[in-house]
Structures are given as structure tokens and as C-alpha cells.
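Here the structure comes first, spelled out in C-alpha cells, and everything after it is commentary.
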Amino acid sequence: MTVTADSVTRPGDPAHPRHVATDVVVVGAGLSGLVTAAQLTAAGRRVVLLDQEPPASLGGQAFWSFGGLFLVDSPEQRRLGVHDSVDLAFADWLGSARFAEGAAEGRGPDRHGYAWARGFVDFAGGEMRSWLHGLGVRWFPLVQWAERGGYPAGGHGNSVPRFHVTWGTGPGILEPFVRAALDAHRDGLLDLRFRHRVTSLVTTDGRVTGVRAERLAPSRAGRGEPSSREVVGEVEISAGAVVIASGGIGANHELVRERWPASAGTLPARMLSGVPDSTDGLMIGHAAAAGAALVHEDRMWHYPEGIANHSPVWTAHGIRILPGPSSLWVDADGGRLPAPLFPGFDALGALEHVTARGDDHSWFVLNRRIMETEFALSGSEQNPDLTGRDVRLLLDRVRPGAVGPVARFAEQSPEFVFADDVAGLAAGMNALTEATPGARGHVDADALAALVAARDAQVLSGLGKDPQVTAVAAARRFSVDRVMRVAPPRALTDPQDGPLLAVRLSVLTRKTLGGLHTDAAGRALDAAGEVLPGLWAVGEAAGFGGGGVHGHRALEGTFLGGCLFTGRTAGRALARELR
């Protein structure tokens, strides 16, 4: 569904006086803000929804997403023979989160994150699918297996596939909530104001009672493109409550580096952004200035498998490779990452390995057959078949010999290095590193050849002791992996699968796992842990619930799901409070 400047009241119109009163102000017109507004207006509450970007960017980061949702014991899983349960999913969640002691008993800094996690997993195994299905959302039937972990039972990772790709990707998730916004606007319940940048919260007698905002000059910037910050006016909006739905800090690399934990090494000078420039974290700072508490600011979910977009939309625009498990993963000097840091198993563990070394890149080493079988690119724009709900195009992706989205991207990207032999591959890898200012690392051709030969010998044995080789064999027991996500085990140097390929991987900033501390309803808390009256927070700004629903690690498909769950929960609770 398309939203144009004519769909809503525009900044500068007579309908935008300097002082306005409403029931609720929601700051941020991304997925969590739209869901919150939908719940409030459905209950008859009047909402002003503010966003600093132009109408083209309605929906925020969610539009650009792959549309993956973490669902538990779904019909799609059951049809594939996957045996899942809420208990198993929550055990996996706890093994990944590593919440602080006392969280389960309602004590300590993770107490609210734990409560939100319990609620979210119940939601993922209960109402989420039927609720969305009733709104018209559908899913690709082949469930994907993200964040496999590779650790013993009780450790990080998904025990079973749970990543359900939405038919229509990110835009498909947004569609019913954009429709609800337009309907509420038509009915006079929603005032959707683009090009409004909040500069502070208004407090009265210890209660948040509104916002002050700058009106920015109209902009013709396309979706996700950087837009002007020229100020043309100001407005103050009074409200019974304010909801922060402004997202995280992923585009603010200075802030990301400042908050990155020293124990995890150093983030490199050269990083890519997986989110538009507007994901700047400023609103979180304004909430803190008004007395809201922040927790777990050093918890983040960035990716080590980023590649530069050859056709960027925003600054330092990067895309994540969603890999199958067969590629060799080596560091900037060609050394293999330790088990279980295989592609698709532990994103944060691999990232911390890279940053602990002080590298700004790592490499996947594979061949063309593995790329065509196992690689997918995250993002709605990189998956025109799924985004456009085009069955014919989708069938072309898996048809032998077809040139899919990844192969087309590889033809245009300098990050993909092809060669006929290992020596030529190492030379190409080193040439790319040397051509990048500030990059370090040198791959020894003989050492890389020995590594490839050792891996191939394990595969050709038909069994093998190498943990990655055995992990690949285990993955192929799952029907979806065997058919479309994991290549048949063969030597990397097998001529029928050539040429050889190395892909340079860069750090890609993405999600904030900490944020505004909230209670079980989404109400913001102060430094003493007491409710800060009038202020609420949802989505990434609230660490997807409680200031940190994921703890230290995420299981994927939980970011969009967290926006849905927090927006739905807080919107309904706030609507009841305002009766």
C-alpha cells in the first residue's frame, strides 16, 4: 500500500497550529508506532503520530526487512515435520539471553526483560499467527533455520527452524497497519505528521504531558534516502501520554562505538549501516533527559556478514548475507574461525571474534554452486519474488541454471572475488584489501590452499570428524535445507561447482538490544524503577520490551515480532488507562 503526501495532513497546513492537544502522541511511524496507533485508534483514542522523515518513508526500517517472524509450533512447521513447543522455544531463548541472576524471580536489571521474553514466546506460540492471519498476512511455507547455535543443549541457538518469511516480506507485515492508519486518519482519529522532529518532552509536575518538535522543510527524498534537516517552524503538542517508538541507534556509528563493550574488542573505523540515516537514537536521549531510565546500552545485535550495497539508498548502505552452513569462514589473515562460528550459527559470536582481533572484515570462501544454493540477501528490495508475491519469479530462483537475485548482485559487487584456483583467489582477496583505505590483513595462498584441502578431504571421506562438515550433514536432514538451502557435500574445488569464490564481509550495524526501561505494560521507568507517568516506549527504543527482551543474543525473527508485540501490548494497555 502506497502513502503519498496527499494521503495525510501535511506540515505547514492550517491544520498544524503551534499548540495542539490530543490523547496520545506516538513518536515514530515505523512498525511499532503504527501498531501502537492502530490499537489506540481502534479503541477510539485520538492520536498524533510524528515522524521526522517524509511520507515516502512511512513504515521505517520494517519496510526494508526480509519479513521474518519467529513463530512457534506453527502449521508451517508441523507440515514440515518440525516438532516445536513453547517450552522448547523458551529454553532456547534463555540459553541465548543469559539473563542476570534473579530475573526469573523478578529481581535485578533483567527482570522486566525476562517477563517480556516469557510473554513474547507465549505470543509467538499462540495469538501472533492467528492475529496476523486475520489481518491478511501470509507466509512462505518453507520455514528457515536461523541462528543454529551449534552449542550444547541449554546454550545459544534455535533447536529447530522457526524463521517464517512473510509473503510480501517487510511491506507485507506493514500493509495492514498502514491501512489502519489511513482508515483512522479518514475517520479523524489519527493525525499523521511527517517532517516533525521531536526536540524534547514536556513534563508537568513530574508527568510527561507532551512534546516539543521542530517542523522540517518538505522533502522529496525517496524511501530511506537522507532528508534535509532545515527547520521551518515549531510546535508543542499536549497529550495524556507520549509513546516513544523511534527505533534504535544503528545509523549513529559514533554512538554505537561509544556503547560497544570493551570486553568485545573494538568496532572498526569502516562499518556499514543496515538501517537508514534517520535511525539516530536521538529520541532515546530526549526521553532520558526527561527522567526515563536506560538499561543495557552496551547490548547490541550487529552482523559480521555485511556487504556494501552497490546501489546505496542511505549512507554506508549495507546488506546482510543470510548464509547456509557450507562456506569456510576465515578472518582477515585467512585463519579459520573456531567452532561453532560457522555461517548462520552465531552471528554475535562471529562478530566478537572479528572485533577482538581488531579486523574490519572477514571472508566466506566457497564456490559458485554453494553461493547459488545457500546465499540469500536480507531485505525486501533484494527479494523481488517474495516481496512482489510473484510465484513465477520465485520458481525461477530455485530452477537449475537460473540467475537469481544473489547471482545478479554478485555480478555488480566488488565484494565478490572469483578465481579458478586457490592461488588466484588469495591474490584477488589481497588486492581488494589493499585497495581499501585503513583495511589490514593478508591471506597466504599456501595456507589457504592447505585449509581448503583439509576441508575437502573431510567431505570426500563421506563422514568426517570436522564439526562443520558434520553440522552440514545434520542440516541436510531437514527437508527445506536439503532442497533449497544446503548444497550437496562436495569438494570446494570440484570443477562442476566452480569457479571458487571469496566474499569480503564487513561489520553491519543493525539493532539495539537495550533501551528505555519499561514495565510489563510498556510504561517507562525512572532511575529508581518507578513508573514515569505519561511516558511509554515500544519496539527497539524499549529493547523490544522491558529494556532488553533478548538479553545478550537474539534468535532472529524476533525484531519485527518484538515491534508487533510491544506495540500491541502497550497500545491496548494505554487505551485502557485513558478511559
Chi angles and distances behind the side chain to side chain contact (heavy atoms under 4.5 Å, CB included) call for L267, V256: CA-CA 9 Å; L267 287 171; V256 168; 3.6 Å; yes
Starting from the C-alpha separation in whole Å, work towards a yes-or-no answer on side chain to side chain contact (heavy atoms under 4.5 Å, CB included) for L58 and L192. CA-CA 10 Å; L58 179 64; L192 181 51; 4.3 Å; yes
Take S32 and E540, measure what side chain to side chain contact (heavy atoms under 4.5 Å, CB included) needs, and give me the verdict at the end. CA-CA 8 Å; S32 63; E540 189 175 356; over 6 Å; no
Checking salt bridge (Lys or Arg N to Asp or Glu O under 4.0 Å) for the pair R129/E76: CA distance, chi angles, key distance, verdict? CA-CA 11 Å; R129 188 185 182 283; E76 289 79 13; 2.7 Å; yes
For H19 and S238, run side-chain hydrogen bond (donor to acceptor under 3.5 Å, both in side chains): C-alpha distance rounded to whole Å, both residues' side-chain angles, the deciding distance at 0.1 Å, then the answer. CA-CA 8 Å; H19 297 278; S238 300; over 6 Å; no
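In this model, a donor atom of one side chain and an acceptor atom of the other lie less than 3.5 Å apart for E53 and S227. Under the 3.5 Å distance criterion, with hydrogens and angles disregarded, a donor-acceptor pair is assigned to the side chains of H156 and E147. Side-chain contact annotation: S74 with H164, donor-acceptor N/O pair under 3.5 Å present. Side chain to side chain, T518 and H112 fail the donor-acceptor criterion of an N or O pair below 3.5 Å. Looking at R195 and S219, their side chains never bring a donor and an acceptor atom within 3.5 Å of each other. Using modelled atom types and a 3.5 Å distance limit, the side chains of H317 and S273 yield no donor-acceptor pair. Counting only N and O atoms by type, the side chains of D73 and S85 include no donor and acceptor under 3.5 Å apart.
Qualifying side chain to side chain contact (heavy atoms under 4.5 Å, CB included) partners for R576, counting only residues two or more places apart in sequence or in other chains: R572, A573, R579. Scanning for side chain to side chain contact (heavy atoms under 4.5 Å, CB included) contacts around T387 gives T169, P171, S380, N383, with sequence neighbours left out.
Looking only at distances, a side-chain donor or acceptor of D526 sits under 3.5 Å from a matching main-chain atom of G529. In terms of modelled atom types and a separation under 3.5 Å, the side chain of N158 and the main chain of A146 share a donor-acceptor contact. A donor-acceptor pair is defined here as one N or O able to donate and one able to accept, closer than 3.5 Å; no such pair exists between the side chain of T569 and the backbone of T566. With D390 contributing its side chain and D385 its backbone, the two residues share no donor-acceptor pair below 3.5 Å. Checked by atom type and distance alone, the side chain of R186 never pairs as donor or acceptor with a backbone atom of A184 at under 3.5 Å.
With respect to R46 and D23, a salt bridge is recorded, a charged nitrogen being found less than 4.0 Å from a carboxylate O. Ion pairing between D110 and R98 fails under the 4.0 Å rule for side-chain N and carboxylate O. Salt bridge R215/E236: absent, no basic N to carboxylate O contact under 4.0 Å. Salt bridge E101/R107: absent, no basic N to carboxylate O contact under 4.0 Å. Looking at R193 and D51, no side-chain N of the basic residue comes within less than 4.0 Å of a carboxylate O on the acidic one, giving no salt bridge. Looking at R320 and E556, a side-chain N of the basic residue comes within less than 4.0 Å of a carboxylate O on the acidic one, giving a salt bridge. Salt bridge D122/R118: present, at least one basic N to carboxylate O contact under 4.0 Å.
Between F120 and F565, the angle of the ring planes goes over 60°, which puts this pair in the perpendicular group of the 30/60° scheme. Relative ring orientation between F90 and Y114 is described as perpendicular, the plane-to-plane angle rising above 60° on a 0-90° scale split at 30° and 60°. In this pair, H133 and W139 present their aromatic rings parallel. The plane angle is below 30°, not in the 30 to 60° band. Using cut-offs of 30° and 60° on the angle between ring planes, the pair W167 and F140 is parallel.
Counting only heavy atoms from C-beta outward, the side chains of R138 and T166 never approach each other to under 4.5 Å. Side-chain contact between V47 and L189 is absent, with no heavy-atom pair separated by less than 4.5 Å. Contact check for W116 versus F544: no side-chain heavy atoms found under the 4.5 Å cut-off.
Ring pair F177/W131: centre-to-centre distance below 6.0 Å.
When all heavy atoms of A554 and W301 are compared, the closest pair comes out as N-CZ3, 3.3 Å. Contact detail for L513 and H552: the closest heavy-atom pair is CD1-O, 3.9 Å. Closest approach of A570 and V538 over heavy atoms only: CB-CG1, 3.5 Å. Residues G567 and Q39 come closest through the heavy atom pair O-CG, 3.9 Å. The nearest pair of heavy atoms linking L516 to A292 is CD2-CB, 3.8 Å. Of all non-hydrogen atoms in R257 and P268, the two that sit nearest each other are NH2-O, 3.0 Å.
Applying the side-chain contact (heavy atoms from CB on, under 4.5 Å) test between V208 and each of I244, L535, V25 identifies L535 as the sole match.
Counting heavy-atom neighbours within 6.0 Å of E254 CD, excluding the residue itself, gives a total of 12 or less.
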